[in-house]
Amino acid sequence: MKRFIFTTFFVLAGILTALADGAAEIKFDKTKHNFGMFSESSPKVTCTFTFKNVGDGPLIIHQAIASCGCTVPQYPKEPIKAGESGAITVTYNGYGRFPGRFRKSITIRTNGKTEITRLIIEGEMTPAAADIK
């Protein structure tokens, strides 16, 4: 009987602690960015996706994974407190790639209510020869 009461107490304490922390929730200003047209002679382009933690608890970004090695996301490693904002910077490097249209995704995994969010970047890299007139 003592063991049952002891176990029940710890289970309830764990549930109350989890509820007191609140849940994080990430909200992006935008989830898609179009670079438009840019030249192969300047193949590196960068954009920033801003977000806010609109939840009650701290937001932790566990991973930001790009669909291709030509795309590199940088994200905050420290927890984002409730009500605070942050940014994810994404760089596309078209060096060594064929000119033309591209569309890449970045998968963001968090501890928020919505665990996975997908960001999209797209654009068109024009041949460097088109720069010469």
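For clarity, every value in this text was computed on a predicted model and none was experimentally measured. Note: hydrogens, waters and symmetry copies are ignored here, and every other heavy atom, side chains too, is used.
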Q. Sub-3.5 Å donor-acceptor pair from the side chain of N53 to the main-chain atoms of E84, do we have one?
A. no
Hey, could you give me the [atom1]/[atom2] distance between [X] and [Y], rounded to the nearest 0.5 Å?
X    : Y    : atom1 : atom2 : value
K113 : E25  : NZ    : CD    : 5.0 Å
K77  : I61  : NZ    : CD1   : 8.5 Å
N93  : M125 : CG    : CE    : 8.5 Å
K52  : I26  : NZ    : CD1   : 13.0 Å
S85  : D29  : OG    : CG    : 7.5 Å

Q: Let me know which of V54, T114, T117 forms a side-chain contact (heavy atoms from CB on, under 4.5 Å) with K27.
A: V54
Got [X] and [Y] here, is their nearest side-chain heavy-atom distance under 4.5 Å?
X    : Y    : value
P127 : E40  : yes
P43  : R97  : no
I108 : L119 : yes
P76  : F51  : yes
K104 : I121 : yes

Q: Could you give me the CA-CA distance, side-chain angles and deciding distance for I106 and S67, then say whether side chain to side chain contact (heavy atoms under 4.5 Å, CB included) is met?
A: CA-CA 6 Å; I106 301 91; S67 61; over 6 Å; no
Q) Do the rings of Y92 and F102 sit parallel, tilted or perpendicular, given the 30° and 60° boundaries? A)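 It falls in the parallel class, under 30°.
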Q | Check against side chain to side chain donor-acceptor pair (under 3.5 Å), S39 and T126 | A | CA-CA 5 Å; S39 174; T126 58; 4.6 Å; no
Q. Around atom CZ of R118, are there more than 12 heavy atoms of other residues, nucleotides or ligands at under 6.0 Å?
A. no
(Q) Tell me whether the count of non-hydrogen atoms from other residues, nucleotides or ligands lying under 6.0 Å of NZ in K30 goes above 12. (A) yes
Q | V72 and V90: CA distance, side-chain angles, deciding distance, side chain to side chain contact (heavy atoms under 4.5 Å, CB included) verdict | A | CA-CA 6 Å; V72 179; V90 179; over 6 Å; no
Q) Do NZ/NE/NH1/NH2 and the carboxylate oxygens of E122 and K32 come within less than 4.0 Å? A)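 Salt bridge between E122 and K32, a charged N being under 4.0 Å from a carboxylate O: yes.
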Q. Do the side chains of M37 and V45 join up, straight or via other hydrophobic residues, at under 4.5 Å, putting them in one cluster?
A.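 No, no single cluster joins them.
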Q | Verify same cluster id: I120, F49 (apolar side-chain graph, 4.5 Å) | A | no
Q) Can you check side chain to side chain contact (heavy atoms under 4.5 Å, CB included) on L59 and N111, steps first, answer last? A) CA-CA 6 Å; L59 174 73; N111 69 328; 3.6 Å; yes
Q: Looking only at non-hydrogen atoms, find the nearest pair between S41 and A128 and report the distance.
A: N-CB, 4.1 Å
Q.
For a quick test of reading the model, state the closest non-hydrogen atom pair linking I88 to P73 and the distance between them.
A.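 Smallest heavy-atom distance, with atoms named: CG2-CB, 4.5 Å.
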